[in-house]
Structure formats: structure tokens, C-alpha cells
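Below: one structure, written as C-alpha cells.
Every chain is numbered from 1 and lettered A, B, ... according to where its sequence line falls, protein lines coming before strand lines.
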Amino acid sequence: MATTELRNSRFRASFTDPEQLLRAVAYLRAAGHRVLDTYTPFPVHGMDEALDQRPSRLPRACLAFAALGLALAAGLQIWTSAVDYPLIMGGKPLLAIPAFIPVAFELTVLLAGLGVVASFFLVARMRPRWRVPDLHPGANDDRFILAAELATDVQFPAVARDLADLGALESSLLVEDRFQRGGSFWDRPAGVGALLLACLPAFLILLLVPVLNRDFQRRNLAWDGGMGAPLSAQAFDASGVLPGGKVLQAPPPDTLSRRGEPPLAYGPGKAEADRAGRELPNPYQPTQARFNRGKLVFERVCATCHGREGDNNGSVIVARGAFAPTVLVSPVVRDMPDGRLFHIATFGGPTKMKGYGDLLSREDRWNVVLYIRELQKAARPGPTASTPASTGAQP
Amino acid sequence: MSQTFTVPVRDLTKSGIPTLADIGERLRGGAWAFVLLGAGLLGLGLVLQAERGWGNLLLTTFNLACVGLGGLFLLAIQSITGARWSDPILKAHRAMPALLPRAGLLMLLLWFGAATLYPWARPDAATHEALHGRLGWLNPPFFFGRVALIFGAWIWTGRRLTQQGKGAAPFILVFGLTFSVANFDWLMSLEPVWSSTIFAIYGFSGMFLQGIAIVTISAIVLRRVGLLPAVSKAQNHDLGKLLFAFSCFWAYIFLSQFLLIWYANLPEETGPMRLLLQGRWMPLFYLNLILNFGLPFVLLLGRKAKTSEAVLLATCALLLAGRWLDLYLQIMPPVLHGLTPAFGLAELGGILLQLGLGHLSCWPVFMKDANPAQELPQGG
């Protein structure tokens, strides 16, 4: 700046029509002037070619940020829902790709958009200024404006005449760029101060939050129209709309659930199973209702492995050629006391079988034992083998 | 650079360079051969397996109608927005609606196949539980009355728009309503149990994409034979951007429909979806996504690609194949009752018929105001 002699060589011209602008650009370039840039209310077709501009490299930044967003979204979702905290939801697989797409899409678009704008500011070295230089008041309105630099040894008035012939509303030499020279405080780049100033409204709102919304348990000033404090129902509240007049609903019929039962006086293991067999009688008598319930539970839970008749027929384990579960209608199980069967249903078999104490209520486990006895009778008609008498005592 | 695929290689032994009239002559003969062969194959398909024959006739008809509507819709929005970028290629848009009358006639032919295609047209429709209470709307006389009405509206508003440049806004209104009805009626009622409330917009996204693809192909070919001399790289770039955007739009709508069905897992909605996701239809399901979104997305991502005629032509070909497959996957599973997908005489016949009819309808419009003796530009 200091080396060149002071010659005001830059000028502007404004037009009302994009075609005129295009023609003017072509004329100036042909006459050896350097067209710096054009400013138009909308993209003008053919302007890039007329200015002979290199295509922007911003799309690459856009692509990179988009890829970053996609990778972040996919990584976050896959890691949280399939690796770190695998939780089956809605019966979908852990790695449920369709469910990840919306978030992945949003994050891709978001990062691509923000990233490309940030890159643009960075590349164009656009930093906040107190006062924005204004090339021409119409630049923000409906004028088509160009800025150019005179070729050496050409005088401006001659160019201005030609531009007027091409339809220019006005054209004028630009004064020396004040911003380069420092000038007053307002002409300097704004720096961090402006940034903080721009954030002021946000700070103010943050300051107001404790005043506006003190107690999150209570409805305070409803500055948000009450959106922050929705009506919420607690499990044991009464309800005007739900069946039964209560919020808490009974589970659908045939749901098997754990009840709040006192702890069992037995632990897992062979010795405990034997002890249960010696000490625990079946507290219930066989009735039609218990038979039905026992059948339901058995067929839902036990039959997958033991077969519907307790004979391993139709057992998924046997069908797949793996180890076989014990045949429940065999003499071995027939001779086990009720308490032992109950213990097995609760804590599992000696080696492979899982216990079902966590899934089945105590009563259901006894019902299943009753049902197994019926299965055994059906498998070998005739007088039943000696089973311990049920006394009706509570376990 | 390269010789185009419609411009015949210059015959050095013949005196003179081929003119537009020469090509028109040659292409018309080919198109008639396509039409006759296609109709014959389709007829043979009908005799061999009635379901597939009628299904393919429906596919052909719908595809042709959608091409016509695609051109009209593009024309209408450009007229409403006062767009000027497309001025040099408007001829390519204007030709498409000429397909509508032919598609309408084909659609009326389906009267004879309605009972094969649509459960509501069968004698036992009254016992179909999903049709209970719907037979007042879905019955052959009313259905085909609507077909005639809808095509009438399209043809009439289309004429006004293409010939006088008037009525773009009314066309859009009429189009929105009738195209939704058409999708629900002609395609969705093939499977009365299944329903999707965004089915029409899904159909629209495919139709619009297809319209842009056809216009792009026509614009490029017409420029190469010298009928659209004003087309420049800028138009190619714009068309490329439109293709890219609406391929994404199609995928967006596809996912909007699929995601809800996948999540909610309602038996009546998942049933048909399961057929596509499992077993023999599965590869086609994924191929559909790849053709309509995956490949176009990758191919058109770069700026250079969007202006390259070769890339544009390849992408448009993929998209048109994808649209055909998309319709195939909407029509065939219910029509074939979930049997194995197949590509045979009937499918081939349908495609030949589309190509032939497409050319016969559009070429005369392309040639309007053109000098038939005009020589072809040499060297691509």
C-alpha cells in the first residue's frame, strides 16, 4: 500500500439490469481493466464465466464437515445403543439402522451447513467490524453493482462515459480504503469485544432464568406459557380418563409377573434342592383352575425345552441336536419330591437349566409342579407312584 | 468428442450429412417396431399369465402417465415462478404431455383386467374384510369413471398450459388432488389391507424425479441433434442440481413411509413390507434404493459431474430404471400374490411399448417449428 503512488484506481458502477451488468463486465475485461467483483440481488447466470472465476473450493469443506457429521452421528448411536448400553427397545435389533437414519441425517446436514459457513468466513477473512463498509447503498437492495480497477494509463472519465453508454446508472471512483489505514476506532475490526457484545442478550436471558423460574418443583411465573410445567400424573393418582379411575393399570390378562413375596428360605445348589425336597410340601391341592394355570405356564415357559408332554418331544434343544434336557415324565423325575421340583423351577437344574424364580410367581411355580405330576400320570396310566402328600402348609 | 447415441454415425459413402428428417424417418420406423413388438409380447404375456400381463399393462400405463405429468408439472412450476433458466429447454418439457391421451386409453383398457388386478373388482369382494364399507368408492363403474375424469382433467389443463402458457396455478391445484386420487386408486387399492397416508407424496416424489430425468435426457439429445441450440452448460448444471435434490427428496419420502411402518410394526402394514424385506424380493428392495438414491447421490455429488452430459445421461438412465423398479415393487407383489418376482416377456413388452409410444408422442412436438432439412451438427 505504501509503495504504490497514491492513485485512486478503483471504481464502481451500478446497473438496474443483470444483462447490462454482464455486458459491462465483458466490456471492462476486454478493455484490460480488472473486474474485482460484482454484487447482485440474486445469482446471475453466466456471471462466473464472465468474471472467469475459479470455482469455489468451499464444497470440499462442506463434504468434509458432512462426513464428520455422519460419522459422529453413526458412531454415537451405534456405540451407545449397540455397544456401551445394549438395550432391546421395541423388539428391534440393537443395531437398528433405520432408527439411526433421522439423527444421522440431521447431524450431517447441521455440521455441513455450520461448517461451510464457518469455513467461508475463515477463507474470506470476514471478521466482525463495528462499521460495515458500504460499496453502494443499492448493493443491499435491487441494484447490480460491479467494482473494478482501472488499467494503467487509462483515465476514469473515458471509462465512465463508456459505462454510461452501456446503461450504468452512475459510476464513480472509490476513495482510498479507510479501513486499511486504521482511521477511527469504529473503522477497525471489532475483535473479541464485539463477540462478547453480541452474546450480551444471551447472557441477560441466562441471568433472568433464576428470577423467572426459581423452583422447578412448583409452577412459577409461566413465562413459557406453562410449557415447562405440564400436568403429570403419578402412578397411584386417581384418573378421570383411564379405565378403573386410576392411573395405574392392571397388566393385560395372562401376564406372568413377580409378586412382592417374602424371601424364600432356600438358596441355589444341590444340597439346598435336596433340603427343599425333604422339607417343602406343595401348599396347594390340585384343582381344575390350578391345572389350567399350570398348563399355561408350563407351555409358555418349560415346554420350549422339555416338550409339551414333558417328554422332550418338540423340544428346541433336542431338535437342534444339542444336549437334551431331562425327560420330565421319566421315573427319575417322577420320584423327585414336590419340593425338589419347586426348587428346580426356582433355581434351575443341576448344570444347564436356568431358574425361573425371577420370572414366575411362587404360586405359578407350584402350579407348574402340579401340572408336571398330571403329565406324569398321563404318561403312565395306572396307580401313581408314591408322591409326598401335600399338606397345605405355606412354604 | 464422442458420437451421441441417437445420432447415427455419419455415412461417408452417402452424399451429404443426415438431416433431421432423415433421423425422424429412421427413428419412427424403430418406434413403430417397438410398439408392435411390445404390444405383441404384452399380449402373449397376458395369455400365459393373466396377472403378470395386466400388472405390466398397469405399470406401463402409469409410467407413461407419470412422464407426461412430470413434464407438465415442471412446466407449471416454472411458469408460476417465472423461471428463466429453463427457457432454452422448454421444448423438452412441452413434448411430454403428449403422452397423456395414449396413457389414458391404455388405462381404460384395464377395464377388462380389473378383476384380475384389483380384489375389489372380484365377485367375492363383499366378503373381503378389508373392503367392508369401501365398495361404494371402489367399484368398476365409479373407478373407471374417475379414471376418465382424471385423465380428462390432465389432458385439458395440460393443453392449455403447453399451448397457451396459461393456467399453471389451476393445473397445480387440479394435479395435487387428482394425482393423489390416482395413486390411492390405481396402485394402493391393489392391496386393500395395506395403507399409507403418504403414499401419494411418495408417488409424487418418484414422478417428479422421473420427469426431470426425462427432460434432462431429451434436452441433451435434442441439443446434440441441433434442435435446442441455446442449451449451455448452465442448463446441464441446473438439471443436475434438480436431479440430485429430488433424488434426495425421494429417499427422504421413502424413509418417511418406511420408518413408521418399520417402527410401529402393525401387522396389516408390515405384512406387504415383510415380503419385500425377506426372501426373493429383498434384492430388488435394496436395488430400488441404490438406483433411485445411492448411485445418483454418489454420481452427481461433484460440480463437474452435474455439468457432464455423459454422467447426466447415465444417472438419468439409472433413475428411469429405478422408477420402473419402484413401480414394479408397488404393483407386482400384491398382483402376483407374493410369488417370485420375474422378468420375462410381459415386462420386456411393457418396456418396449413405453419406449416406442414415448418416441412417437414426443418427436412430432420436438420437430414443431424446426426445419426438417436442418443438418445435424457434426462431432457431438
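Counting heavy-atom pairs under 4.5 Å between each of A:G46, A:A96, A:P98 and chain B puts A:P98 at the top.
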For this session: For side chain to side chain contact (heavy atoms under 4.5 Å, CB included), just list the numbers for B:L301 and A:L63, CA-CA rounded to whole Å, side-chain angles, deciding distance to a tenth of an Å, and then say yes or no.
Result: CA-CA 9 Å; B:L301 197 55; A:L63 184 64; 3.8 Å; yes
Compile the donor-acceptor pairs, distance criterion under 3.5 Å only, formed between chain A and chain B.
{"unit_1": "A:H45", "atom_1": "NE2", "unit_2": "B:D238", "atom_2": "OD2", "d": "3.2"}
{"unit_1": "A:S56", "atom_1": "O", "unit_2": "B:R303", "atom_2": "NH2", "d": "3.1"}
{"unit_1": "A:K92", "atom_1": "NZ", "unit_2": "B:W262", "atom_2": "O", "d": "2.4"}

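For residues 281-297 of chain B, no pair satisfies salt bridge (charged side-chain N to carboxylate O under 4.0 Å, His left out), with sequence neighbours left out.
With a 4.5 Å cut-off on non-hydrogen atoms, A:P59 touches chain B through its side chain but not through its backbone.
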